[in-house]
Amino acid sequence: MENSSSRVLRLWSMARWPLVAAIGPIAFGSTYWVTREFLPSDSPLWGSAMRALPAGIVLLLGVRRLPRGAWWWRSIVLGTLNMGLFFCLVYVAAQLLPSSVAASITSVAPLMIAAFAWLILHEKPTPRVLIGSGVGAAGVLLIVGTATGRLDIWGVAASFASMAMSALGAILMKRWNDGTPVLTVTAWQLLVGGIELTIVAAMFEGAPPAVSSTELIAFAYVSLIATALGFFCWFSGFRHLPAGVVGVIGLLNPVTGVALGVMISGETLSALQLLGVGLVLGSIALVNTRRSGTETRRVRTEAIEPAPSSPDHGLRARGPCA
């Protein structure tokens with residue numbers, strides 16, 4: 001008979017990586033409110049650069065490792081998709097849409113991620129993931145469809161485009177996984193995206209905007225917490241979980257945006273929107289509840305058996321987000 005300690009270990013083995021992955025979308029969802037309330041709206045390129053570059057520099061100082069071989073061009077591709085284009089589009093969307101609406105448009109993300117995973121990784125989505133994606137998307141659409149406030153067409157377009165860039169970038173990172181630590185790859189991407197955005201910002205927006213002490217604190221939060229920590233944990237989820245499962249977990253992004261919009265900015269939620277939030281949370285629980293007996297046994301085996309040796313084995317990051 002299974003004792004309590006074994007039961008706790010089994011539950012932790014199943015829940016560890018979903019919990020780690022969830023930190024990412026929760027952090028991302030908070031950026032909508034912070035950007036809209038505290039950051040300047042007339043310099044989106046500089047705003048994006050000031051989000052990516054400091055995070056990349058801090059992480060690179062921590063990992064102290066530059067790309068080698070194919071990782072030079074891979075870092076450029078991933079940095080452009082996941083950071084450069086993505087940050088700029090998110091910044092624009094956050095300025096043009098109410099925070100709850102901007103975050104809620106991410107309902108398409110699980111379906112985009114599942115589609116790219118099928119095309120690129122040949123990872124066929126399971127019925128549980130498809131049902132969870134549908135339920136979650138329906139919940140988010142309830143939030144968007146009954147939201148109050150003006151829906152700017154350019155803001156909506158920027159939000160959808162950002163989701164496509166992020167989904168493709170995440171799947172390519174999973175495809176190119178060769179054992180390089182997640183923290184290291186995240187640092188390279190942030191640095192590349194930050195440099196790209198800084199160059200483009202200087203070309204099109206001129207000198208960087210003056211930043212007040214409040215805006216400096218907001219940028220520090222967005223860069224170090226919502227970006228460095230958020231992407232580290234988000235990419236860790238893709239390293240250890242099926243892409244479709246992580247995509248549904250990503251729906252915590254709109255829930256966070258909605259919660260902050262309601263609790264802090266005074267945005268209102270109707271009964272249908274509350275139902276939508278419940279559907280999103282239910283979809284996340286669905287795809288992470290007893291995903292399969294095989295996967296459960298695999299996780300338990302990984303928890304007690306050492307990983308096989310490889311050239312990068314000594315470089316793997318330690319800790320729950322590695």
Side-chain angles (χ1 to χ4, degrees), residues 21 24-25 27-29 31-32 35 44-45 47-48 51-52 74-97 99 101-125 129-130 132-134 136-141 143-144 151-176 185-186 189-190 192-193 196-197 200 226-227 230-231 234-235 237-238 241-257 280 283:
F28 302 153
T31 63
Y32 292 99
T35 299
L45 293 174
S48 302
R51 176 183 179 183
R74 289 177 179 176
S75 296
I76 294 175
V77 172
L78 295 175
T80 301
L81 292 173
N82 286 328
M83 312 301 173
L85 288 174
F86 177 72
F87 286 166
C88 186
L89 291 168
V90 166
Y91 198 94
V92 171
Q95 294 296 344
L96 295 178
L97 298 173
S99 59
V101 175
S104 296
I105 293 177
T106 58
S107 62
V108 300
L111 299 177
M112 286 185 177
I113 290 173
F116 282 126
W118 196 349
L119 291 172
I120 298 174
L121 303 177
H122 306 293
E123 184 181 293
K124 187 176 180 179
V129 167
L130 289 175
S133 298
V140 175
L141 289 175
I143 300 171
V144 175
L151 295 181
D152 187 287
I153 185 61
W154 292 110
V156 172
S159 191
F160 273 108
S162 70
M163 290 304 101
M165 299 297 100
S166 177
L168 177 58
I171 295 304
L172 286 177
M173 183 173 173
K174 189 174 180 72
R175 171 68 177 82
W176 292 334
V185 179
T186 304
Q189 294 179 64
L190 285 167
V192 167
E196 291 175 344
L197 287 165
V200 175
T227 299
F231 273 101
W234 178 242
F235 290 149
F238 278 99
L241 296 169
V245 171
V246 182
V248 176
I249 293 174
L251 290 175
L252 285 172
N253 183 330
V255 171
T256 303
V280 169
S283 70

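Quick note: residue numbers are just sequence positions, from 1.
A donor-acceptor pair is defined here as one N or O able to donate and one able to accept, closer than 3.5 Å; such a pair exists between the side chain of Ser133 and the backbone of Val129. When atom types are taken as modelled, the side chain of Ser283 and the backbone of Val280 share a donor-acceptor pair closer than 3.5 angstrom. For Gln189 (side chain) and Asn82 (main-chain N/O), no donor-acceptor pair under 3.5 Å exists by modelled atom type. Using a distance-only test at 3.5 Å, with no hydrogens or angles considered, a donor-acceptor pair links the side chain of Ser48 to the main chain of Phe87.
The distance from the CZ atom of Arg51 to the OG1 atom of Thr35 is 7.0 Å, given to the nearest 0.5 Å. Between the CG atom in Leu121 and the CD1 atom in Ile113 there is a gap of 11.0 Å [rounded to 0.5 Å]. For the atom pair Phe86 CZ and Leu89 CG, the distance stands at 8.5 Å (nearest 0.5 Å). Rounded to the nearest 0.5 angstrom, Leu96 CG and Trp154 CH2 are separated by 10.5 Å.
When all heavy atoms of Asn253 and Gly29 are compared, the closest pair comes out as OD1-CA, 3.3 Å. Trp234 and Ala21 get closest at one heavy-atom pair: CE3-O, 4.0 Å. The heavy-atom pair separating Leu197 from Ala52 by the smallest distance is CD1-CB, 4.4 Å. Nearest approach of Pro242 to Glu123, heavy atoms of both residues: C-OE2, 3.6 Å. Listed here is the closest heavy atom pair of Met112 and Phe160: CE-O, 4.0 Å. Closest heavy-atom contact between Ala226 and Ala27: CB-O, 3.5 Å.
Considering only heavy atoms from C-beta on, Glu196 comes within 4.5 Å of Ile76 through its side chain. Using a 4.5 Å heavy-atom cutoff, the side chains of Leu78 and Phe235 are not in contact. Side-chain contact between Thr256 and Pro25: absent, with no pair of heavy atoms (C-beta onward) separated by less than 4.5 Å.
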request  = Go through the steps for Trp176 and Val77 under the test side-chain contact (heavy atoms from CB on, under 4.5 Å), then give the verdict.
outcome  = CA-CA 12 Å; Trp176 292 334; Val77 172; 4.1 Å; yes

For a quick test of your reading: what N or O donor-acceptor pairs under 3.5 Å do the side chains of residues 165-175 make, sequence neighbours left out?
| unit_1 | atom_1 | unit_2 | atom_2 | d |
| --- | --- | --- | --- | --- |
| Lys174 | NZ | Phe238 | O | 2.4 |
| Lys174 | NZ | Leu241 | O | 3.0 |

